[in-house]
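Everything below concerns the one structure shown next.
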There are 2 protein chains.
Amino acid sequence: MRPLLHPAAEDITVEALLHALADPVRVAICTGLSGPGCSLNCSSFRDIRNEPIPKSTLSQHFRILREAGLIRSERRGVEILNSSRFAEVEARFPGLLAAIVNAHRIQLAEKEASSKKRKRAD
Amino acid sequence: MRPLLHPAAEDITVEALLHALADPVRVAICTGLSGPGCSLNCSSFRDIRNEPIPKSTLSQHFRILREAGLIRSERRGVEILNSSRFAEVEARFPGLLAAIVNAHRIQLAEKEASSKKRKRAD
DNA sequence: TCAATAGTTCACAAGTGCGGAACAATTGAA
DNA sequence: TTCAATTGTTCCGCACTTGTGAACTATTGA
């Protein structure tokens with residue numbers, strides 16, 4: 001089993017960040033890790049969607065976030081604790097994460113509003 | 001030949017935007033179209049990289065930008081004029097485009113600075 | 001009608017992503 | 001020590017995407 005790879009802060013690229021954050025599951029993981037000092041294991045996010053996410057898929061999502069430089073993953077006994085590297089990313093690319101997370105938040109709010117409206121119409 | 005598809009402003013998704021902007025060529029196209037009232041045909045961007053981009057590839061890039069809602073493409077005689085829809089995107093997702101374009105700008109500046117440093121070392 | 005020009009579409013090879021099955025690492029209990 | 005339980009990773013097959021040359025379409029002007 002190869003060791004967990006983390007890019008240095010200066011090797012983080014915009015392409016990798018955007019690719020990582022173009023997926024709603026991964027954005028949800030990031031917002032879940034955005035609390036101060038927040039550290040969660042992978043399987044905490046198994047039910048972040050309506051359907052449970054297979055653990056191999058979840059593992060890939062975490063790898064992509066990790067190698068993009070968005071999270072740091074450390075073994076703690078039998079599990080792996082994940083924490084955000086948002087401060088480092090913010091230092092390099094100011095405003096980027098906030099804008100993306102905010103955009104996803106807006107989209108989610110609109111989706112919920114429209115589904116509520118649909119319900120009223122029924 | 002199917003007509004050029006443009007999503008309505010309210011159907012623009014963050015996923016499609018980030019996916020579109022995760023590619024350096026497409027970001028370069030967007031910055032090239034960012035001038036006020038700017039309207040350019042596709043082949044203007046053939047040499048935006050060091051190597052010329054094949055026109056079929058360029059066509060795909062424009063399709064992805066178009067269907068993400070980032071640009072509007074209209075036939076004008078034999079060519080297709082592309083203009084930005086940044087204002088619409090900005091209205092829906094404030095600060096998103098600016099942050100992304102700015103991040104790419106920062107990364108480019110760093111890359112140029114480090115190549116200059118490498119040159120000095122030779 | 002024909003040639004020139006600008007893009008699109010098609011087809012194929014190479015790459016990427018999802019998800020089930022098997023594997024690996026760690027812990028705690030017998 | 002050994003074994004089972006738990007947590008993730010890796011492997012692999014399949015579907016989907018991407019880049020590119022070749023063929024095609026649309027438009028204009030001669």
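For the numbers below, each heavy atom of this structure counts, side chains included, while hydrogens, waters and symmetry mates do not. Each chain gets a letter, A, B and so on, in the order the sequences are listed, and its residues count up from 1.
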- Query: Base, sugar-phosphate alone, or nothing: which one does B/Arg66 contact when heavy atoms must sit under 4.0 Å apart?
  - Reply: sugar-phosphate
- Message: Whether A/Arg75 contacts C/dA25 is assessed here as follows: a side-chain N or O lying under 4.0 Å from the phosphate OP1 or OP2. Is that the case?
- Response: no
- Query: Can you check whether A/Arg2 has a side-chain N or O nearer than 4.0 Å to OP1 or OP2 of D/dC11?
  - Reply: yes
- Do A/Glu90 and A/Arg85 meet the salt-bridge criterion of a basic N to acidic O distance under 4.0 Å? no
- Whole angstrom value for the distance that separates C1' of D/dT9 from CG of A/Leu5: 13 Å
- Is any side-chain N of the basic residue among A/Glu67 and A/Arg63 closer than 4.0 Å to the acidic one's carboxylate O? yes
- Message: Taking 4.0 Å as the cut-off, does a side-chain nitrogen or oxygen of A/Ser43 come that near to OP1 or OP2 on D/dG8?
- Response: yes
- Query: Over how many whole Å does the gap from B/Ile53 atom CD1 to D/dG21 atom P extend?
  - Reply: 12 Å
- Query: With a 4.0 Å cut-off, would you call A/Arg105 and A/Glu110 a salt bridge?
  - Reply: no
- Query: Under 4.0 Å between a side-chain N or O of A/His61 and OP1 or OP2 of C/dG19?
  - Reply: no
- Value in whole Å for how far the P atom of C/dG19 lies from CZ of A/Arg49: 12 Å
- Query: Rounded to whole angstrom units, what separation is found between the CD atom of B/Glu67 and the C1' atom of C/dT8?
  - Reply: 12 Å
- Task: With the side chain of A/Asp23 defined as its heavy atoms from C-beta on, choose the nearest nucleotide among D/dT9, C/dA6, C/dC18.
- Result: C/dC18
- Just how far, in rounded Å, is P of D/dA26 from CG of B/Leu81? 19 Å
- Message: Less than 4.0 angstrom between a side-chain N/O of B/Arg76 and OP1 or OP2 of C/dG7, yes or no?
- Response: no
- Round to a whole Å and report the spacing from CZ of A/Arg46 to P of C/dG19. 15 Å
- Is a side-chain N or O of A/Arg26 found less than 3.5 angstrom from the main chain of A/Ala20, in a donor-acceptor match? yes
- Side chain of B/Ser56 - closest among C/dT9, D/dT7, C/dG20: C/dT9
- Item | Exam field: side chain B/Gln107 to backbone A/Val14, donor-acceptor pair closer than 3.5 Å | yes
- Relative to the 5' end of DNA chain D, which residue comes earlier, B/Gln60 or A/Asn41, by the nucleotide with the nearest heavy atom? A/Asn41
- Atom-to-atom span, CE of B/Met1 to P of D/dT27 - whole angstrom: 9 Å
- N/O (side chain, B/Ser59) to phosphate O (OP1/OP2, C/dT8) under 4.0 Å: yes
- Side chain of B/Lys55 - closest among D/dG21, D/dA23, D/dT9: D/dA23
- Between B/Thr57 and D/dG19, does any side-chain N or O lie under 4.0 Å from OP1 or OP2? no
- Query: How long is the line joining CD of A/Glu79 and C1' of C/dG28, in whole Å?
  - Reply: 15 Å
